[in-house]
S.K.: 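Got a structure for you, written out below as structure tokens; questions coming shortly.
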Amino acid sequence: MFLGRQDGWIEVVSGVMFSGKSEELLRRVRRALIAKKRVQVFKSHLDDRYGGVYRISSHDGSQLEAVPVNTSQQIARQVDPEAEVVAVDEAQFLDAGIVPLVNHLADQGVRVILAGTDMDFRGEPFGPIPHLLAVAERVDKLSAICVRCGDLATRNQRLIDGEPAPAEGPTIQIGGAESYEARCRSCHEVPARDRAQTELGVARELGAARE
Ligand code: ADP
Ligand code: ZN
């Protein structure tokens with residue numbers, strides 16, 4: 001057997017809420033366990049929608065013990081030096097330090113699997129995910145089903161009392177099905193941003209009319 005340095009890599013599972021990122025992360029973790037790999041799972045503990053913060057939970061009810069973390073430093077401190085596979089769920093809530101950390105782990109031969117939503121409720125890039133997508137060897141972008149029209153959903157619709165939430169709200173606001181929906185681009189509504197785009201559209205039209 002070749003005894004040289006073992007190669008590691010980074011995989012990112014991204015996409016809208018309800019697209020099955022946790023299911024996919026769990027599937028990969030389960031298969032790594034079947035392959036008798038030493039696996040460690042971390043989960044940003046800001047999100048405890050579907051059960052205890054010590055478990056990765058999926059909508060299908062399958063669960064796996066995970067280490068709850070708030071920061072990339074907490075992962076760095078608790079990572080098992082013997083781990084062959086390190087998985088991180090809800091990575092969008094973590095700080096920018098997650099990028100050099102997972103690069104370092106991959107350099108050391110670890111297979112790193114990260115799951116996280118790539119856009120916030122406004123449709124803007126979310127936290128460290130864009131950077132992770134750039135440095136990853138493998139990227140999978142999952143979609144859900146738009147609850148409005150049945151097309152493929154790519155956007156996180158935030159709701160307040162059933163109505164689209166305005167763009168000015170905080171980026172991080174934990175919630176489940178009562179405050180978020182999966183929607184497609186055309187059904188996605190962000191009131192203040194839509195207003196800004198309308199103004200931009202009007203300005204463009206005025207500019208074109210003047211030419
Ligand atoms: P994520 O981690 O991306 O939020 P999960 O793995 O927790 O997603 O859940 C995915 C599951 O959510 C699907 O298998 C499906 O059963 C359920 N689900 C609920 N709403 C939707 C939706 N609008 N589109 C697709 N799946 C949905
Ligand atoms: Zn739609």
Side-chain angles (χ1 to χ4, degrees), residues 10-33 39 41-69 75 85-94 98 102 112-130 132-133 136 138-160 162-165 171-191 193-194 197:
I10 299 171
E11 302 168 23
V12 179
V13 182
S14 74
V16 67
M17 287 169 74
F18 308 107
S19 61
K21 299 183 296 297
S22 291
E23 284 173 358
E24 178 58 23
L25 183 100
L26 275 180
R27 177 178 167 275
R28 294 183 192 184
V29 164
R30 249 185 254 114
R31 289 163 66 94
L33 290 170
V39 184
V41 182
F42 294 93
K43 184 181 184 183
S44 154
H45 83 191
L46 280 168
D47 180 41
D48 59 354
R49 283 172 295 165
Y50 309 112
V53 291
Y54 291 92
R55 288 167 191 279
I56 284 192
S57 307
S58 188
H59 292 288
D60 70 0
S62 54
Q63 293 195 322
L64 191 123
E65 292 271 325
V67 181
V69 289
I75 298 179
V85 179
V86 170
V88 184
D89 199 11
E90 303 288 358
Q92 74 274 8
F93 296 136
L94 293 170
I98 189 68
V102 296
V112 184
I113 312 169
L114 300 126
T117 193
D118 49 355
M119 280 182 266
D120 65 15
F121 75 102
R122 306 178 194 94
E124 302 291 339
F126 202 153
I129 300 292
L132 292 167
L133 291 169
R138 176 179 169 185
V139 169
D140 290 280
K141 179 154 175 160
L142 307 182
S143 49
I145 302 300
C146 175
V147 296
R148 277 291 181 85
C149 73
D151 278 354
L152 290 182
T154 53
R155 308 278 158 147
N156 295 309
Q157 177 68 54
R158 182 184 287 173
L159 300 170
I160 300 175
E163 294 299 319
T171 299
I172 295 181
Q173 191 170 297
I174 308 301
E178 76 296 342
S179 44
Y180 288 97
E181 277 177 0
R183 291 198 190 176
C184 71
R185 179 185 284 273
S186 62
C187 295
H188 186 238
E189 294 169 89
V190 187
R193 191 209 58 177
D194 287 350
Q197 284 197 339

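The shown structure was predicted, so the numbers you read here are calculated from the model rather than taken from an experiment. We number each residue from 1, following the sequence as shown. Whatever order the structure lists ligands and atoms in, that order sets their numbers, starting from 1.
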S.K.: Is the shortest side-chain N to carboxylate O distance from Lys21 to Glu24 below 4.0 Å?
M.R.: no
S.K.: With Val41 as reference, evaluate Val86, Ile113, Val29 under the side-chain contact (heavy atoms from CB on, under 4.5 Å) test and give the passing residue.
M.R.: Val29
S.K.: For atom 22 (C) of ligand 1, tell me which residue out of Asn156, Ile145, Val147 has the closest non-hydrogen atom.
M.R.: Ile145
S.K.: What's the separation between atom NZ in Lys43 and atom CG in Leu25, rounded to the nearest 0.5 Å?
M.R.: 10.0 Å
S.K.: Run the side chain to side chain contact (heavy atoms under 4.5 Å, CB included) test against Thr171 and tell me which residues pass, sequence neighbours left out.
M.R.: Asp120, Arg122, Phe126
S.K.: For the Zn ion (ligand 2), state how many protein N, O or S atoms fall inside a distance shorter than 2.8 Å.
M.R.: 4
S.K.: According to side chain to side chain contact (heavy atoms under 4.5 Å, CB included), who are the partners of Ala182, at least two apart in sequence or on a separate chain?
M.R.: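 Ala182 satisfies side chain to side chain contact (heavy atoms under 4.5 Å, CB included) with Val16, Phe18, Ala144, Ala153 once adjacent residues are dropped.
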S.K.: Kindly determine whether Met17 and Phe121 satisfy side-chain contact (heavy atoms from CB on, under 4.5 Å), including the steps that lead there.
M.R.: CA-CA 10 Å; Met17 287 169 74; Phe121 75 102; over 6 Å; no
S.K.: Please list, in number order, the atoms of ligand 1 under 4.0 Å from a heavy atom of Lys21.
M.R.: 1 (P), 2 (O), 3 (O), 4 (O), 6 (O), 8 (O)
S.K.: Taking 4.0 Å as the limit for heavy-atom contacts, which would you say applies to Leu142 with ligand 1: side chain only, backbone only, both, or neither?
M.R.: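 The answer is neither; Leu142 stays 4.0 Å or more away.
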S.K.: Heavy-atom distance under 4.5 Å between the side chains of Val139 and Val13, does that happen here?
M.R.: no
S.K.: When you measure from atom 14 (O) of ligand 1 to each heavy atom in Arg183, Glu23, Glu90, Glu181, which option holds the nearest one?
M.R.: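 Residue with the shortest heavy-atom distance to the ligand atom: Glu23.
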S.K.: Heavy-atom contact check, 4.0 Å cutoff: does Ser19 meet ligand 1?
M.R.: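 For ligand 1, residue contact (heavy atoms, under 4.0 Å) with Ser19 is present.
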S.K.: So is Gly20 polar-close to ligand 1, meaning N/O to N/O under 3.5 Å?
M.R.: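 By distance alone, the answer is yes.
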S.K.: For ligand 1, which atoms sit closer than 4.0 Å to a heavy atom of Val16?
M.R.: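 Ligand 1 atoms under the 4.0 Å threshold to Val16: 3 (O).
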S.K.: Pairs of nitrogen or oxygen atoms closer than 3.5 Å, one from Phe18 and one from ligand 1: do any exist?
M.R.: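 Indeed, backbone or side chain, Phe18 has an N or O that close.
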S.K.: Provide the number and element of each atom of ligand 1 under 4.0 Å from a heavy atom of Ala144.
M.R.: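 Result: 24 (N), 25 (C).
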S.K.: So, the side chain of His188 versus the backbone of Asn156: is there a donor-acceptor pair under 3.5 Å, distance only?
M.R.: yes
S.K.: Under 3.5 Å between some N or O of ligand 1 and some N or O of Met17?
M.R.: no
S.K.: What residues, two or more places apart in sequence or in another chain, satisfy salt bridge (Lys or Arg N to Asp or Glu O under 4.0 Å) together with Arg183?
M.R.: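 For Arg183, the residues satisfying salt bridge (Lys or Arg N to Asp or Glu O under 4.0 Å) (neighbours in sequence not counted) are Glu181, Glu189.
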S.K.: Within the 3.5 Å criterion, strictly below it, is a donor on Asp89 or Ser44 matched to an acceptor on the partner's side chain?
M.R.: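 Result is no, nothing qualifies.
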S.K.: Judged by atom type as modelled, is there a donor-acceptor pair below 3.5 Å linking the side chain of Thr117 to the main-chain atoms of Gly15?
M.R.: yes
